[in-house]
Peer 1: 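Mind looking over this structure? Questions follow.
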Amino acid sequence: MATGTSSPEYRYDAQLANTIELKWQSRWEQEGTYFAPNPSGSLADDSTRINFPKLFIMDMFPYPSGSGLHVGHPLGFIGTDVYARYKRMTGFNVLHTMGYDAFGLPAEEHARQTGQHPRENTSTNISNMRAQLRRLGLGHDQRRSVSTTDLDFYKWTQWIFLQLFNSWYDYEEDRARPIEELENRLANGEIETGYGTPWDSLDTSRRKELINSFRLAYLDEAPVNWCPGLGTVLANEEVTAEGRSERGNHPVYRRPLKQWMMRITSYSDRLLEDLEILDWSDAIKTMQRNWIGRSEGAEIHFEISASLIDVFTTRPDTLFGATYMVLAPEHPLLDEIVPDSWPEGTPSIWTNGFDSPRLALTAYQESAAQKSDLDRQEYREKSGVFVGTYATVPVNEKQIPVFVSDYVLMGYGTGAIMAVPGQDERDWEFAEVFDLEIIRTVQPPASWNGNAFTGDGPAINSEFLDGLLVDDAKTKMIEWLEQTNNGVKKTTYKLRDWLFSRQRYWGEPFPIVYDEDQLPIAVPEELLPVALPELMDWAPRTLDENSEPEPPLGRADEWVTVEMDLGDGPKLYRRELNTMPQWAGSCWYYLRYLDPNNDKEFVSKEIENYWMSGDTGGVDLYVGGVEHAVLHLLYSRFWHKVLYDLGHVSTKEPFHRLFNQGYIQAAAYQDARGIYVESAEVKEENGNFTFHGKPVTRHFGKMGKSLKNSVTPDEMYEQFGADTLRLYEMFMGPLDQDRPWETQSVVGSQRLLQRVWRNLINEETGNLEISENSPPLSLRRILHQTVNSVRDDMENLRFNTAIARITELNNELTKLNDPTPREIAEVLVLLLSPLVPHVAEELWEKLGNNSSIVYASFPEADPDLLIDELIEIPIQINGKLKSKITVPSDCSSSDLRNAALADEKISSIVSDKKIKKEIIVEGKLVNFVI
RNA sequence: GCGCCGGUGGCGGAAUUGGCAGACGCGCAGGGUUUAGGUCCCUGUGUCCAUUAGGAUGUGUGGGUUCAAGUCCCACCCGGCGCACCA
């Protein structure tokens, strides 16, 4: 033998593990072990599993990166695999597979760097990733694996787009409905055209425009996030608070462009309300709530000279305390209301030193426009300028000065506020800078010594509201506003419609063409898919701020125009050149897993019903990173609800239970210059770290190339095997927690498997070596207690503690010094099998079973064996542990008391003292207070 | 600033309803096996005092409730994440 291996030939080491793993991986593949039967269609079979309760388990599907996996990537995949395997063994028909989110910016960026066509590059990456995941032994139904870039996948992405395009939102029924119904209702006058003229008198083009303005997918000219660095526009969700692109960190500019939008705002309330029925973490729910940003209040009309300006407020009850008004610098009415000169007696601090309001306003608008969002964050001091005119407070005819300031944002509410410094901290600050009047309209508590008071209290200085608490005062004020036509009750949202087009090549083309009116027309369903044309010159050009986006598809000369017969005979149409954003495919991929080969429907109704049904419906368990809290999870919920409204799916929500796995972090080391050095070569001595003899500093971060701290699964297979890697990742800590990777600790997990192996197998011969005798009762008790805990842990995704219990059981076997009794061996292997399926299959086979352990029954605990005959009871004096006694587990409290008093240590302490109080908890403890 | 999550040995982490803090693993120390190293096996390992027996102390800090607090309550400190002038 090569390298000094005096170790036995059949020791469970990396080499043996690899042999076992490869053997079972090909066996599973040959036998289609993980195929989950459908109730009908091409994936139906005669297996009896279709009669079991179903369970649909999913991972957030990955983007197939070219740089390969590191050990952090598969953490969640292993978690779902273990759970899926456990559930299979407890009688469920489990659907678990894995697809690839292969369209989008990163695929193209990578392709740009390598000069390879995205299509080739993507398919290479997918097959590499499949191979890497296969090597982990994940029990996926490979027949259901899809990629968003497959033609017969994105055909249906386009089909769903058409569903949105061909729908409108009926607010009366609070659901989406087919656009034809809208047309009928416009035609018969049930819905007004909004042009002041009836439907009949509109020409065809006008009618089309009108209909278009109702669609859930619509074209709109609106300020959008233009990112020249990426050559595309981006959704709000893809832009950081610093005003840069989330991907690539390029600057983003707001500018008006005609783009496709998705009417997600119609679903704001339902997206908010239905969070209640979901089994998701509060953190994610809160993030979605914040993003939707619903606030209730009133819109109040203020008169300024001849114009009316609407103001949104959540505190209509404070109207009597409004002492000035503020408009956003971008407010469109500013031009109309600004007078030529300052009114008599304008304080000089209000003018910023300008001779006329118009000059002051222009100067302020320019300086505000130059401030980036980042500056606005750092520069918190209030700035602004008087506009030179006054507004009238509707409730008391008071004249209040109108200011412009950048602390009011055009993008929220109406871009105008009534300022109530008494009850708003920001307004208070501004009022102090410009020396403005402050009127409290809520009585703060006597102890209050702060500025603006935002809490609850009785109204003051507010005439008919005086004495009312905030909620009642709001209601009463809204009543007054509505009765007097001075305002209306109103709810606003932070959520904006979803910008859906991108100027990229590597995405789904829109199934849209334009006719000579330049109005969008749906490509008929039977002509789908609209295939992405082959294009060599696909790279987007990097552009400057003032350029126009140019969709790369515009360069596909042959493809840009198409002859079709859409009812008026064959005609030439111009194609939509934008592509869909990456989120499109991930919005619905879970549905395609269910029925991947269906070429008639995106998913069959019967099959969808089978897999998506459940208490509140949807995927039973969805595991993924927290970074998709608002983007993917919000978009996906939106599409699902549209499909639900149109009758294509049976549940309100796509994902019933969401679980966010933590991240694996790794130590990264920097030298004196701050440059990262290869973590693998850093040495530790007494808490000091050195790299090639020079000191380096350590911190923890995400694994990756940039921190030079990646550890790959392949290295782990070579050193330990896939089962050890799986076991270690599950043992490191709770699945939802971040944890640091430590290669040196992996050996602990290998030792467990080695000891298990040795407890069942003769290391010299490789033969099974167990006893056919019954185990002693004490060991059977431990066995059943272990089974009980492991089941509980598996149900709750607590794999780390499940492994700890199994380890304890195995340690008992090691101590036996006798061959392991078969009764124990079989259960041990079954308990381990979800975690380490390969070695479990091997041992299961050696135990004489000829069918796969995958569908064996998970052990059940005998309740009689869960209770020990004797238990140890702690005895405390004054709450401090002094002694322990061993008593029968059914010991009564009086026996327990006597036994405790009979204990030597206790009697010596208690003897001459009076016991003031006795606390005796049967089966738990005894405490004497003296 | 607001919201959410968290803080337990040298390290990762365990601890149903308040009921023996530190399960399990890594590391470390000692011993056995071995020509040796490694592997493997056994023992020990929160901190402090004590030769031992044993004692004291201990879950971010300070207070409280309780026979009993990692767990419940109040105030605060630190770390991570999210939102951030949202009217």
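Note on naming: letters A, B, ... go to the chains in the order of the sequence lines (proteins, then strands), and numbering restarts at 1 for each one.
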Peer 1: Would you classify Thr814(A) as touching base, sugar-phosphate or nothing, given that sugar-phosphate means primed atoms plus P, OP1 and OP2, and contacts are heavy atoms under 4.0 Å?
Peer 2: sugar-phosphate
Peer 1: Indicate whether OP1 or OP2 belonging to C26(B) is found under 4.0 Å from a side-chain N or O atom of Arg751(A).
Peer 2: yes
Peer 1: For Phe453(A) and Gln423(A), work out which heavy atoms get closest and say how close.
Peer 2: O-CG, 3.2 Å
Peer 1: Rounding to a whole Å, what distance do you find between Tyr493(A):OH and A87(B):P?
Peer 2: 13 Å
Peer 1: Is G32(B) in the syn or the anti form, by the rule that syn lies within 90° of 0?
Peer 2: anti
Peer 1: Check Cys891(A) against Leu896(A) and note the closest heavy-atom contact, atom names and distance.
Peer 2: SG-N, 3.6 Å
Peer 1: How about Phe430(A) and Phe403(A): are their ring centres within less than 6.0 Å of each other?
Peer 2: yes
Peer 1: Under 4.0 Å, counting only non-hydrogen atoms across every strand here, what does Asp427(A) touch: a base, just sugar-phosphate, or nothing?
Peer 2: nothing
Peer 1: Sticking with atom C1', work out how far G7(B) lies from U71(B), rounded to a whole angstrom.
Peer 2: 14 Å
Peer 1: Hey, are Glu808(A) and Lys815(A) close enough for a salt bridge, meaning a charged N less than 4.0 Å from a carboxylate O?
Peer 2: no
Peer 1: Does Arg798(A) pair with Asp792(A) as a salt bridge, N-O distance under 4.0 Å?
Peer 2: yes
Peer 1: Between Lys880(A) and U57(B), is there a side-chain N or O to OP1/OP2 distance below 4.0 Å?
Peer 2: yes
Peer 1: Could you tell me how far G10(B) sits from U17(B) if I compare only their P atoms? Round to whole Å.
Peer 2: 28 Å
Peer 1: Roughly how far apart are Tyr407(A) OH and Glu381(A) CD, rounded to 0.5 Å?
Peer 2: 15.0 Å
Peer 1: Could you write nucleotides 11-22 of chain B as a row of B, S and -, 5' to 3', where a protein heavy atom under 4.0 Å of any base atom gives B, of only sugar-phosphate atoms gives S, and otherwise -?
Peer 2: SBSS--B-BB--
